[in-house]
Peer 1: 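Before anything else, here's the structure in question.
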Amino acid sequence: MNQIRSPKGVQIRSPRGVRDILPAETARWRRFEEDFSACCKQAGYGELRSPMFEELEVFLRLGEETEVVSKEMYDFLDKDGRHMALRPEMTASAARAFIQHSPVLPWKIYYYGPQFRSERPQAGRYRQFSQAGIEVFGVSDPYLDVEVIALGWQFLGSLGLKQLTLQVNSLGDTASRNNYSEQLGRYLAQRAGELSEASQETAQVNPLRVLDSKRDQDQAVIAGAPSCLDFLEVSAAAHFEAVCNGLEKLRIPYQVNPRLVRGLDYYTHTAFEYVSQALKSAQNALGGGGHYDGLVEALGGKPVPGVGFALGVDRIFLACDSEQVFISEQSPVEIFVVDIVGGGEALSLTQQLREAGISCDRAWESRSLKAQMKIADRSGAKFALIIGSNEQAANVVALKDLRSGEVPQEDIPRDEIVLALKDRLAMEISN
RNA sequence: GUGGUGGUAGCUCAACCGGCUAGAGCGCUGGAUUGUGGCUCCAGAGGUUGCGGGUUCAAAUCCCGCCCAUCACACCA
């Protein structure tokens, strides 16, 4: 039996690796989502909102050798005994939706939302984290890979990020990839003695993964490893060349990194990452993606190619902080109502203003005039509307400009207040 | 998952080698001739020193366990 912990002394807090995003920060999150959405729609992508959990099977098709799938999934049995999992990424769900709904090709979708992986948390690595991404199904044109890469590049740039590099690679088609993997495995086995213990194990399971190792001990072996680009079949080499040409056509700077192997095993041909130089930590990949040929088929659909990327929103914000860009603040209300005759006037006046489309707030609990003015100031409102006994008797409200100390306070008849405010606010905007 | 570092008010931090009632700044609340914010000044509230146990006359400080954060690795966005 589980022991019930004494509630005393144990403060309830959010679970490990997840966090609250408070109002001071949410403005930026909202703007990010809106900007990303606009960027995608502009390029003909439609939004996909898929469920946050799927049958476990959907994610197992990503390849059970990947740790994301084998070790990090939040899986559970539902009340009917079905094995479910919170989505650890979106591509599998998108592919599942694609198969389920048979849309017209090419199917261009974008998404935004939380993903879940039970990893050990760190800065830029959370158990619930947000990704924004796109996927396109049904086209194998290499220029589509370029469009996808360019869209992410353009979007990251639009946030104001400058210290970015784009790394690209090609693993080739399945034949090239398998051939290379085999050769690399042979090479690593030869020099196994020089590798770290962990990498020796990795080499057995998935040789490509060793290229990702950051251990100093492995670097010499990795540097001497054969390049995957030398193993591309003719058509795969042509695909990659077209991608590079396309990037040059668009004047998008890129580095070819033959060591770039991505974590999910479904990628074939193009793989890429957007890396931030502004982040010192190991979590400096702001996003990544690539082309995948086998995923839809693995999920039981026809062999349909796909390409896409995912951006790590939490990490992008860390990079933004580091570069001091894309800083968004909560927008303040326009009007603050100060009522020192009991609060009833504020109640009806705020309602009236809001119905008229004017944003406003007020104080509570009959605080003193001074206190209410202080709150009004703090609220960031442009104007305060003051109702005291004098104003109430005269059926007016006092309008005070909080931004400038010079404009004299002015009494406005109660029934003209909405028009008067719309006037003032319009003037504010035109100034 | 493995290893390292850390956790003191809402926030940022102080408290030498264990020793007085655990402090400061910011923020918050109230006040400075009784109906006017910002600047200034005065005052106040706010802490089981992450949680639990141990050592000691005495623990924020030393030891152990747990929790959380953070860094590296592993992995990934």
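Labels below follow one simple rule: chain letters A, B, ... track the order of the sequence lines, proteins then strands, and each chain is numbered from 1. Quick caveat: nothing in here was measured; it's all calculated off a predicted structure.
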Peer 1: Hey, do the aromatic rings of A/Tyr45 and A/Tyr110 have their centres closer than 6.0 Å?
Peer 2: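 No, the ring centres sit 6.0 Å or more apart.
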Peer 1: A/Ala198 near the nucleic acid: base, sugar-phosphate alone, or nothing, with a heavy-atom cut-off under 4.0 Å?
Peer 2: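 If one applies the 4.0 Å heavy-atom cut-off, A/Ala198 turns out to touch nothing in the nucleic acid.
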Peer 1: Contact between A/Tyr111 and A/Phe36 at the side-chain level, heavy atoms closer than 4.5 Å - yes or no?
Peer 2: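 When only atoms from C-beta onward are counted, A/Phe36 and A/Tyr111 do not touch, as no gap falls below 4.5 Å.
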Peer 1: In whole angstrom, give me the gap between the P atoms of B/G65 and B/U70.
Peer 2: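 Taking atom P in both B/G65 and B/U70, they lie 22 Å apart.
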Peer 1: So, do A/Tyr74 and A/Phe59 have ring centers that fall under 6.0 Å from each other?
Peer 2: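 Ring-ring flag for A/Tyr74/A/Phe59: false, centres at least 6.0 Å apart.
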Peer 1: Take A/Arg367 and A/Glu119, find for each the nucleotide of RNA chain B with the closest heavy atom, and name the residue whose nucleotide sits nearer the 5' end.
Peer 2: A/Arg367
Peer 1: Want to settle it: does A/Arg215 or A/Pro121 sit nearer the 5' end of RNA chain B, counting the closest nucleotide to each?
Peer 2: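 By nearest-heavy-atom nucleotide position, the 5'-most residue is A/Pro121.
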Peer 1: I'd like to know whether CZ of A/Arg30 has more than 12 heavy-atom contacts from other residues, nucleotides or ligands below 6.0 angstrom.
Peer 2: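 It does not: A/Arg30 CZ has 12 such atoms or fewer within range.
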Peer 1: Which nucleotide, if any, forms a Watson-Crick or G-U wobble pair with B/G47, using both distances under 3.5 Å?
Peer 2: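 No nucleotide pairs with B/G47.
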Peer 1: Taking a pair as Watson-Crick or G-U wobble with both distances under 3.5 Å, which nucleotide is matched to B/A60?
Peer 2: none
Peer 1: Taking a pair as Watson-Crick or G-U wobble with both distances under 3.5 Å, which nucleotide is matched to B/A69?
Peer 2: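 In the structure as shown, B/A69 has B/U5 as its Watson-Crick or wobble partner.
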Peer 1: Taking the C1' atom of each, how far is B/U29 from B/G37, in whole Å?
Peer 2: 16 Å
Peer 1: Could you state the atom-to-atom distance from CD of A/Gln128 to C1' of B/A77 in whole Å?
Peer 2: 14 Å
Peer 1: Without decimals, in angstroms, what is the distance between A/Lys214 NZ and B/C71 C1'?
Peer 2: 13 Å
Peer 1: Could you tell me whether A/Tyr274 and A/Phe272 have their ring centroids closer than 6.0 angstrom?
Peer 2: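 Between A/Tyr274 and A/Phe272, the centre distance is under 6.0 Å.
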Peer 1: Verify the contact: side-chain N or O of A/Arg315 to OP1 or OP2 of B/A77, cut-off strictly under 4.0 Å; return yes or no.
Peer 2: no
Peer 1: If the C1' atom of B/U56 is compared with that of B/C64, how far apart are they to the nearest Å?
Peer 2: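 About 16 Å, rounded to a whole number of Å.
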Peer 1: Output every pair passing side chain to side chain donor-acceptor pair (under 3.5 Å) with a member in residues 393-402 of chain A, not counting sequence neighbours, ordered by first then second residue.
Peer 2: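 Checked against side chain to side chain donor-acceptor pair (under 3.5 Å) - neighbours excluded - no pair reaches residues 393-402 of chain A.
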Peer 1: Measure from CD on A/Glu135 to C1' on B/A77 and round the result to the nearest Å.
Peer 2: 13 Å
Peer 1: Distance check, P atoms only: B/C73 and B/C13, in whole angstrom units.
Peer 2: 25 Å
Peer 1: Any donor and acceptor pair, going by atom type alone, linking the side chain of A/Asp218 with main-chain N or O of A/Ser196 inside 3.5 Å?
Peer 2: yes
Peer 1: Sort out the partner of B/C75 for me: Watson-Crick or G-U wobble, both distances under 3.5 Å, none otherwise.
Peer 2: none
Peer 1: Indicate, with a heavy-atom threshold strictly under 4.0 Å, whether A/Gly133 touches base, sugar-phosphate, or nothing.
Peer 2: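 Touches nothing.
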Peer 1: Between B/A60 and B/U48, how many Å separate the two C1' atoms, rounded to a whole number?
Peer 2: 12 Å
Peer 1: Please list, for nucleotides 2-6 of chain B, all pairs of protein and nucleotide N/O atoms separated by less than 3.5 Å.
Peer 2:
| unit_1 | atom_1 | unit_2 | atom_2 | d |
| --- | --- | --- | --- | --- |
| B/U2 | O4 | A/Arg120 | NE | 3.4 |
| B/U2 | O4 | A/Arg120 | NH1 | 2.9 |
| B/G3 | O6 | A/Arg120 | NH2 | 2.9 |

Peer 1: Do A/Glu54 and A/Arg61 sit within salt-bridge range, that is, some charged N less than 4.0 Å from a carboxylate O?
Peer 2: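 So A/Glu54 does not pair with A/Arg61 through a salt bridge.
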Peer 1: Could you list all the side chain to side chain donor-acceptor pair (under 3.5 Å) pairs where at least one residue sits in residues 309-325 of chain A, not counting sequence neighbours?
Peer 2: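 Listed once each, the pairs are A/Arg19-A/Asp314, A/Arg28-A/Asp321.
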Peer 1: Please give, in whole Å, the distance from B/U70 C1' to A/Arg127 CZ?
Peer 2: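 It is 14 Å, rounded to the nearest whole Å.
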Peer 1: For A/Ala285, report the nucleic acid contact type (base, sugar-phosphate, nothing); a contact means any heavy atom under 4.0 Å.
Peer 2: sugar-phosphate
Peer 1: Using purine N1 to pyrimidine N3 plus N6-O4 or O6-N4 for Watson-Crick, or N1-O2 and O6-N3 for G-U wobble, each under 3.5 Å, what pairs with B/G35?
Peer 2: none
Peer 1: Can you tell me how far C1' of B/A72 sits from CD of A/Gln122, to the nearest Å?
Peer 2: 7 Å
Peer 1: Figure out the CD/P separation between A/Gln372 and B/U29, and round it to whole Å.
Peer 2: 12 Å
Peer 1: Measure CG/A/Leu62 against P/B/C75 and give the value in whole Å, please.
Peer 2: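 Distance check: A/Leu62 CG to B/C75 P gives 17 Å.
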Peer 1: Indicate every side-chain donor-acceptor pair of residues 379-388 of chain A with a distance under 3.5 Å to a residue at least two apart or in another chain.
Peer 2:
| unit_1 | atom_1 | unit_2 | atom_2 | d |
| --- | --- | --- | --- | --- |
| A/Ser379 | OG | A/Ala376 | O | 2.6 |
| A/Ser379 | OG | A/Ala381 | N | 3.1 |

Peer 1: Taking atom C1' in both B/C11 and B/G27, what distance in whole Å separates the two?
Peer 2: 8 Å
Peer 1: Under 3.5 Å for both donor-acceptor distances, Watson-Crick or wobble: does B/G10 have a partner, and if so which one?
Peer 2: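 Looking at the geometry, B/G10 pairs with B/C26.
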Peer 1: Let's test this: given Watson-Crick or G-U wobble pairing with both distances under 3.5 Å, identify the partner of B/C20.
Peer 2: none
Peer 1: Reckon A/Tyr126 touches a base, only the sugar-phosphate, or nothing at all at heavy-atom distances under 4.0 Å?
Peer 2: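 If one applies the 4.0 Å heavy-atom cut-off, A/Tyr126 turns out to touch a base.
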Peer 1: Using O4'-C1'-N9-C4 for purines and O4'-C1'-N1-C2 for pyrimidines, with syn meaning within 90° of 0, is B/C28 syn or anti?
Peer 2: anti
Peer 1: Using a cut-off of 4.0 Å between protein heavy atoms and nucleotide atoms, how would you tag nucleotides 32-43 of chain B 5' to 3' with B, S and -?
Peer 2: B--BBBB-----
Peer 1: In whole Å, what separates the C1' atom of B/A69 from that of B/G30?
Peer 2: 37 Å
Peer 1: Starting at CG of A/Leu211, measure out to CG of A/Leu260 and round the result to the nearest 0.5 Å.
Peer 2: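 Rounded to the nearest 0.5 Å, the CG-CG separation comes to 9.5 Å.
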Peer 1: Pair up each side-chain donor or acceptor in residues 334-349 of chain A with any protein partner under 3.5 Å, not counting sequence neighbours, and list the distances.
Peer 2:
| unit_1 | atom_1 | unit_2 | atom_2 | d |
| --- | --- | --- | --- | --- |
| A/Glu334 | OE1 | A/Ser359 | N | 3.0 |
| A/Glu334 | OE1 | A/Ser359 | OG | 3.2 |
| A/Asp339 | OD1 | A/Val341 | N | 2.6 |
| A/Asp339 | OD1 | A/Gly342 | N | 3.4 |
| A/Asp339 | OD1 | A/Gly343 | N | 3.3 |
| A/Asp339 | OD2 | A/Gly343 | N | 3.0 |
| A/Asp339 | OD2 | A/Gly344 | N | 3.4 |
| A/Asp339 | OD2 | A/Glu345 | N | 3.0 |
| A/Asp339 | OD2 | A/Ala346 | N | 2.9 |
| A/Glu345 | OE1 | A/Arg414 | NH1 | 3.0 |
| A/Ser348 | OG | A/Gly344 | O | 3.3 |
| A/Ser348 | OG | A/Glu345 | O | 3.3 |

Peer 1: Using purine N1 to pyrimidine N3 plus N6-O4 or O6-N4 for Watson-Crick, or N1-O2 and O6-N3 for G-U wobble, each under 3.5 Å, what pairs with B/U55?
Peer 2: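 Matched B/U55 with nothing under the 3.5 Å cut-off.
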Peer 1: Can you check the A/Met73 CE to B/C75 P distance for me, whole Å?
Peer 2: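 That distance rounds to 18 Å.
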Peer 1: For the P atoms, the ones on B/G23 and on B/G47, what distance do you get once it is rounded to whole angstrom?
Peer 2: 13 Å
